[in-house]
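Beneath this line is the structure, given in C-alpha cells, with notes to follow.
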Amino acid sequence: MDLTSSTIKSLHQGLKEKQFSAAEVTEAYLKEIKKRDKDLGAYLAIDRDGALSTAQRVDEIIARGGPIGQLAGIPLAIKDNILIEGRPATAGSKILKDYTAAYDATVVEKLKQENAVLLGKTNLDEFAMGSSTENSGYKITKNPHDLSRVPGGSSGGSAVAVAANMAAGALGSDTGGSIRQPAGFCGVVGLKPTYGAVSRYGLVALASSLDQIGPLTKTVEDAAILFGAIAGHDKNDSTSVLGASYEGLFEPRLEDLRKLTIGIPEEYFVEGLDNEVAESINEVQKSLEGAGFKFKKISLPHTKYALSVYYIILPAEASTNLARYDGIRYGTRGGASNLMNLYEENRGEGFGPEVKRRIILGTFVLSAGYYDAYYSKAQRVRTLVKQDFEEAFKSVDVILAPTAPTPAFKIGEKTTNPLEMYLSDALTLPVNLAGLPGVSVPVKGREDKLPIGFQLIGKPFCEADILGVGRVYEGL
Ligand code: GLN
C-alpha cells in the first residue's frame, strides 16, 4: 500500500491491523515533504521531532493492544493561523515572524487528544486575506497540477499539502471561501462548517462573524472524520453552539439521503462563469439525477450584492481585529522615538499591501460619517442574503453550485487587480454571510486536466446532508 496517497480511513485500518506502524507512516510523509515541498512551498514550518514522537506513542498504544481513535497516528497539516502551543504561528504575516503560540487552539487540543500526528504549519495569504496564497509574507505556494498556477487561497498550503500527498488531511480556515476555493483548485475536498459548529479559539481572527475552521482531505468520508473530531461546543468560544448533533455523519443512510431535493440557484450560473466549469456542474447534476436525486431550480435574488457586502463587513471586522498588532504586544518594539512612530514603523513594515488596503477600507466604513451609509447598510443587506437561503431551503434540502467561477489561474495573473481577485470568491462568500455549511468536492474524470470543484451548501448544522450527497457522488 502506498502510504502517502492513502485516505485517513485506510491508514487507520492499516494501523489497526498492524500492516504498518505509525512511525513508518509519519516517515513516509516526511520523506515526501522533503522531496516535493521545495518546488511546491506548502509548508512554512515542519515539526519532525514532534511528529515522530507522537507516532511512537501511537505505536506503543497499538503494541499494548490498546484501542486507537480514527485519527491516531494520522499525519495532518495545520494552517499557520491556527495556534499550536510552543510553535511559531505567523498567519503568513511578517509582523508575527517571531511570535510563538502560548496555547493550543481548541481544534489542536482535540487533535492532540486523538494522538493525530501534526506534521507542520502551512502557508497562507497574510492573515487569510486572499484567494491565491500570493499574499503570503513568506513565499508563493504552487499548484501541484500545474506549477505555473496558484493553488487558490487563503488555505493554499493546506490544500497543496493534501493534494501532493504531503499530509493525509489538513485544517484550514474559511471566511469567504478560503477552504473551499483552494480545495477546488487543487482537486481535494474542503468543508466550511456551519458558523458555530467548530470553536474559533486559537484561530488568528480575520472577520469574527464569518471565520470557521474546517478540514481539507482526499475524500468526503475523510472530511467527515476530521470534522467530527474538531466540532463541538467550547467554553472559550461563546459563538460555538451547544448540543448540535450530526446524525448520519459517519454512516450516511442512503435511503434517507435519496429523499433530499437539490436546488440549482440561477444566480450562480451567470456571465463570468467559465464554460468548462458550467459544463462540469451540469455533468455532476446528471450523475446525481442518475443516482436518484431530484433537482429543482431556485433563486437567491440578493446574490449580486453579496460581494460588496462582504467587502464592507470583512474589512470592518479585520481592521478592528488587527488593531492588536501595535508593535508592543506583537511586533518588534524597535527603537522608535515615540509611541506614534512605534505604531507606524511596526505596522508599516509588518503588514503587506493587501492587509493595509483592508485596514484602510475597514476603518473608513466604520468612521463616524460613513458608518450608516456603509457598515449598517451592509449588515442589513447581509440579512437579505441570509433570508434568500432560508426561503430556498423551504423547498430544497441542499444547494449545488460551482465552487469558483474558473479553474486555477496563473501566478501573477490577478495580483495587480484586487477586484478581479475578489471575484474568485463570489460563489463561496454568500455561504459565510449566511453562516451555512458548504463543502467543495472535486468533479470526477479530470485526471489530465485542471481540477474543478463543485459546492454543496446545506441548512445550518446539516453537514451530514452535504457530506452524504458528496459521498454518494464520490461512490458513483
Ligand atoms: N479570498 C477571500 C478574501 O480574501 C476569502 C478569505 C478567507 O476565506 N479567509 O477575503
Side-chain angles (χ1 to χ4, degrees), residues 6-13 15-16 54 58 67-79 82 104-118 155 158 162 167-174 179-180 183 188-203 212-234 236-237 239-254 256-257 398 436-441 456-472 474-475:
S6 299
T7 61
I8 293 177
K9 176 89 178 178
S10 55
L11 286 173
H12 171 65
Q13 209 57 35
L15 285 170
K16 254 189 4 194
T54 307
V58 173
I68 54 161
Q70 304 224 70
L71 290 176
I74 305 296
L76 303 176
I78 309 289
K79 188 177 181 180
I82 299 173
D104 279 330
T106 300
V107 291
V108 166
E109 198 181 295
K110 286 180 181 237
L111 295 180
K112 282 184 174 175
Q113 274 161 10
E114 296 267 329
N115 282 317
V117 170
L118 306 183
S155 313
S158 287
V162 176
L171 293 186
S173 64
D174 191 314
I179 291 175
R180 289 160 289 157
V188 300
V189 175
L191 168 72
K192 198 265 324 162
T194 309
Y195 186 78
V198 176
S199 169
R200 291 179 294 109
Y201 183 67
L203 167 69
Q212 270 293 288
I213 296 173
L216 292 106
T217 51
K218 292 206 167 84
T219 63
V220 180
E221 182 171 25
D222 281 1
I225 294 173
L226 202 41
F227 169 67
I230 59 171
H233 174 66
D234 174 14
N236 289 322
D237 175 3
T239 62
S240 67
V241 301
L242 267 172
S245 73
Y246 303 96
E247 235 165 280
L249 183 66
F250 302 120
E251 300 296 335
R253 280 186 302 259
L254 279 186
D256 290 347
L257 274 175
V398 168
L436 303 171
V439 63
S440 178
V441 179
L456 295 164
I457 303 165
K459 297 176 186 170
F461 303 101
C462 290
E463 274 79 355
D465 286 351
I466 55 174
L467 294 172
V469 175
R471 274 176 77 168
V472 170
E474 223 171 44

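Predicted, not measured: the structure shown is a model, and the values here were computed from it.
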In Å and rounded to the nearest 0.5 Å, what is the CG to CG distance from D174 to L216?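 If I round to the nearest 0.5 Å, the distance is 9.0 Å.
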Distance in Å, K110 NZ paired with L226 CG, rounded so as to fall on 0.5 Å steps: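 Answer rounded to 0.5 Å: 12.0 Å.
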Closest approach of [X] and [Y], non-hydrogen atoms and distance?
X    : Y    : result
A223 : P215 : O-CG, 3.6 Å
F250 : G228 : CZ-CA, 4.0 Å
A168 : I74  : CB-CG2, 3.8 Å

Is there a side-chain contact between [X] and [Y], using heavy atoms and a 4.5 Å cut-off?
X    : Y    : result
V472 : L254 : yes
V188 : T217 : no
F227 : V198 : yes
L111 : L71  : yes
E114 : I68  : no
V117 : L76  : no
V439 : R180 : no

Side chain [X], main chain [Y], donor-acceptor under 3.5 Å:
X    : Y    : result
N115 : A72  : no
S199 : Y201 : yes
S155 : S158 : no
K112 : L118 : no

H233 and V241: CA distance, side-chain angles, deciding distance, side-chain contact (heavy atoms from CB on, under 4.5 Å) verdict: CA-CA 5 Å; H233 174 66; V241 301; over 6 Å; no
Please assess E474 against T219 for the test side-chain contact (heavy atoms from CB on, under 4.5 Å), listing each intermediate value before the final yes or no. CA-CA 8 Å; E474 223 171 44; T219 63; 3.6 Å; yes
Residues D222, K9: salt bridge by 4.0 Å N-O rule: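 Here D222 does not pair with K9 in a salt bridge, since their nearest N and O are not under 4.0 Å apart.
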Between [X] and [Y]: side-chain donor-acceptor atoms closer than 3.5 Å:
X    : Y    : answer
D234 : T106 : yes
R200 : S240 : no
K79  : S173 : yes

Check against side-chain contact (heavy atoms from CB on, under 4.5 Å), I457 and V398: CA-CA 6 Å; I457 303 165; V398 168; over 6 Å; no
List for me each residue that meets salt bridge (charged side-chain N to carboxylate O under 4.0 Å, His left out) alongside K16, sequence neighbours excluded, and say none if there are none.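 K16 satisfies salt bridge (charged side-chain N to carboxylate O under 4.0 Å, His left out) with no residue once adjacent residues are dropped.
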Give the table of side-chain donor-acceptor pairs shorter than 3.5 Å for residues 458-470, with sequence neighbours excluded, one pair per line with atom names and distance.
unit_1, atom_1, unit_2, atom_2, d
E463, OE1, T194, OG1, 3.2
E463, OE2, T194, N, 2.7
E463, OE2, T194, OG1, 2.7

Partner residues of S6 under the side-chain hydrogen bond (donor to acceptor under 3.5 Å, both in side chains) criterion, sequence neighbours left out: none
Partner of Q70 under side chain to side chain contact (heavy atoms under 4.5 Å, CB included), chosen from I225, I8, L11: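 Result for side chain to side chain contact (heavy atoms under 4.5 Å, CB included) with Q70: I225.
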